[in-house]
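Here is the structure we will look at.
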Amino acid sequence: MKIYSVTDERFKTYGRVVTGIDFSELCKAMEETPCPEDVIYVPGDPKLEALPVMKELTDKTYGELQVQIGYCNGHNCMLNAFEYHRSSEINVAVTDAILILGRQQDITEDFTYDTSLAEAFLIPAGTAVEVYATTLHYAPCGVKGQGFRVTVVLPKGTNLDLEAAHTEGEDGHLTAKNKWLLGHPEGGLPEGSPMGLVGKNLNINE
């Protein structure tokens with residue numbers, strides 16, 4: 001895949017680089033989080049949420065809406081799925097990381113998405129980006145086989161367990177609170193996960 005930088009004009013379709021907030025203390029704390037051979041996602045980490053940057057993110061990026069600070073770490077080079085929220089997501093790259101992104105507007109009426117439309121972007125270590133609510137995304141990828149550590153900031157409660165059954169149409173793609181999922185048949189997702197990605201399961205190394 002061709003990999004663009006988040007400073008490229010193309011990225012403006014999907015998000016923006018976040019400036020005016022010091023993430024250095026957060027990045028230092030993130031170095032103590034695990035980086036497994038697979039991928040781990042933690043919606044909220046009390047140690048990260050205790051940092052002063054928590055208030056800055058709450059006030060400046062989410063307009064005083066309550067947020068959670070978690071992380072997605074590990075090793076990955078595949079797309080596997082796309083998800084989206086009804087809210088922006090802030091990603092802080094502690095290591096270099098690559099995001100494969102798409103547009104919600106390109107999901108068809110029968111809730112499928114052609115993976116050939118997706119694009120990949122490099123977030124350099126120490127850089128934070130806002131991924132817009134209409135941007136399809138999933139687990140980051142590492143660079144040249146290296147592991148990645150990425151902080152994930154979202155409105156409080158996002159990605160927690162659902163309290164009711166959801167079926168049919170877009171509702172059937174809701175797999176956690178504020179998380180709609182389109183899986184790839186070759187993505188290794190749990191049995192029963194909603195599918196929707198058609199075409200190749202993208203690999204950033206190909």
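- A distance of 11.0 Å separates CE of Met30 from CG of Leu51, quoted to the nearest 0.5 Å.
- The minimum heavy-atom distance linking Ile98 with Ala120 is given by the pair CG2-CB, 4.0 Å.
- Contact of the Glu163 side chain with the Lys177 side chain is registered, since non-hydrogen atoms from C-beta on lie closer than 4.5 Å.
- Linking ILVMFWY side-chain heavy atoms closer than 4.5 Å, directly or via other members, places Leu79 and Leu189 in two distinct hydrophobic clusters.
- By the 4.5 Å heavy-atom criterion applied to side chains, Asp114 and Asp106 are not counted as neighbours.
- Tracing side-chain contacts under 4.5 Å through hydrophobic residues (I, L, V, M, F, W, Y), one reaches Ile204 starting from Leu122; they form part of the same cluster.
- Cluster annotation: Val153 is connected to Met54 through the hydrophobic network of ILVMFWY side chains, with a link wherever side-chain heavy atoms come within less than 4.5 Å.
- Nearest heavy atoms, Leu197 versus Thr115: CB-CG2, 3.9 Å.
- No side-chain heavy atom of Val67 sits under 4.5 Å from any side-chain heavy atom of Thr61.
- The side-chain heavy atoms of Lys60 and Ile21, taken from C-beta on, include a pair separated by under 4.5 Å.
- Side-chain contact check for Thr135 versus Leu99: every heavy-atom pair is 4.5 Å or farther apart.
- The two atoms that bring Pro155 and Ser88 nearest to each other are CD-O, 4.1 Å, heavy atoms only.
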Show your working on side-chain contact (heavy atoms from CB on, under 4.5 Å) between Leu101 and His137 and close with a plain yes or no. CA-CA 5 Å; Leu101 304 176; His137 60 282; 3.7 Å; yes
Start with the C-alpha distance between Glu130 and Glu89, add both sets of side-chain angles, then the distance that settles side-chain contact (heavy atoms from CB on, under 4.5 Å), and finish with yes or no. CA-CA 6 Å; Glu130 175 184 354; Glu89 174 175 315; over 6 Å; no
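- Within the 4.5 Å cutoff, the side chain of Val143 has no heavy atoms near those of the Phe148 side chain.
- Going from atom CZ of Arg149 over to atom CD1 of Ile40 covers 10.5 Å, rounded to the nearest 0.5 Å.
- Rounding to the nearest 0.5 Å places NZ of Lys179 at 10.0 Å from CG of Leu174.
- Here the CG atom belonging to Asp22 is positioned 7.5 Å from the CD atom belonging to Glu56, to the nearest 0.5 angstrom.
- Counting heavy atoms from C-beta on, the side chains of Leu154 and Pro43 never come closer than 4.5 Å.
- Remark: the backbone N or O of Thr158 is paired with a side-chain donor or acceptor of Gln68 at under 3.5 angstrom.
- Leu26 CG to Thr151 OG1: the interatomic distance, rounded to the nearest 0.5 Å, is 4.0 Å.
- Looking only at atom types and distance, the side chain of Asp171 has a donor-acceptor partner in the side chain of His166 under 3.5 Å away.
- Between Val39 and Ala139, the shortest heavy-atom distance links the atoms CG1-CB, 4.1 Å.
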The test is salt bridge (Lys or Arg N to Asp or Glu O under 4.0 Å); show your working for Lys47 and Glu32 and say whether it passes. CA-CA 10 Å; Lys47 292 183 179 179; Glu32 299 178 8; 5.1 Å; no
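- Checked for salt-bridge contact, Glu9 and Lys12 meet the test: a charged N lies under 4.0 Å from a carboxylate O.
- For the atom pair CD of Glu206 and SG of Cys77, the computed distance is 8.0 Å after rounding to the nearest 0.5 Å.
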Between Ile107 and Leu136, is a side-chain contact (heavy atoms from CB on, under 4.5 Å) present by the stated rule, with each step listed? CA-CA 10 Å; Ile107 297 176; Leu136 308 176; 3.9 Å; yes
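- Under the 4.5 Å side-chain heavy-atom criterion for ILVMFWY residues, a single connected hydrophobic cluster contains both Leu65 and Val92.
- Sorted by first and then second residue, the ring pair (Phe, Tyr, Trp, His ring centres under 6.0 Å) pairs with a member in residues 55-81 form an empty list; sequence neighbours excluded.
- Side-chain atoms of Thr134 never come within 3.5 Å of backbone atoms of Gln104 as a donor-acceptor pair (strictly under, hydrogens ignored).
- Taking every heavy atom of both residues into account, Ala118 and Leu202 meet most closely at CB-CD1, 3.7 Å.
- With 3.5 Å as the limit, one finds no donor-acceptor pair spanning the side chains of Thr33 and Asp45.
- In the hydrophobic clustering of ILVMFWY residues, with side-chain heavy atoms under 4.5 Å counting as a link, Val42 and Val53 come out together.
- Remark: side-chain polar atoms of Asn76 are not paired, donor with acceptor, to backbone N or O of Cys141 under 3.5 angstrom.
- Residue Glu168 qualifies as open at atom CD: its count of foreign heavy atoms under 6.0 Å is 12 or below.
- The ring pair (Phe, Tyr, Trp, His ring centres under 6.0 Å) analysis of residues 94-125, with sequence neighbours excluded, yields the pairs Tyr4-Phe121, Phe11-Phe121, Tyr14-Phe121, Phe82-Tyr113, Phe111-His173.
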Using the rule given for side-chain contact (heavy atoms from CB on, under 4.5 Å), can you reason through Tyr138 versus Leu181, listing the C-alpha separation, both sets of side-chain angles and the distance that settles it, and then say yes or no? CA-CA 9 Å; Tyr138 202 55; Leu181 181 76; 3.8 Å; yes
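- Contact of the Asn159 side chain with the His85 side chain is registered, since non-hydrogen atoms from C-beta on lie closer than 4.5 Å.
- Checked by atom type and distance alone, the side chain of Asn91 never pairs as donor or acceptor with a backbone atom of Val129 at under 3.5 Å.
- The two residues Ala29 and Leu48 come nearest to each other via the heavy atoms CB-CD2, 3.8 Å.
- Listed by first then second residue, pairs satisfying ring pair (Phe, Tyr, Trp, His ring centres under 6.0 Å) with a partner in residues 180-206 read Tyr84-Trp180, not counting sequence neighbours.
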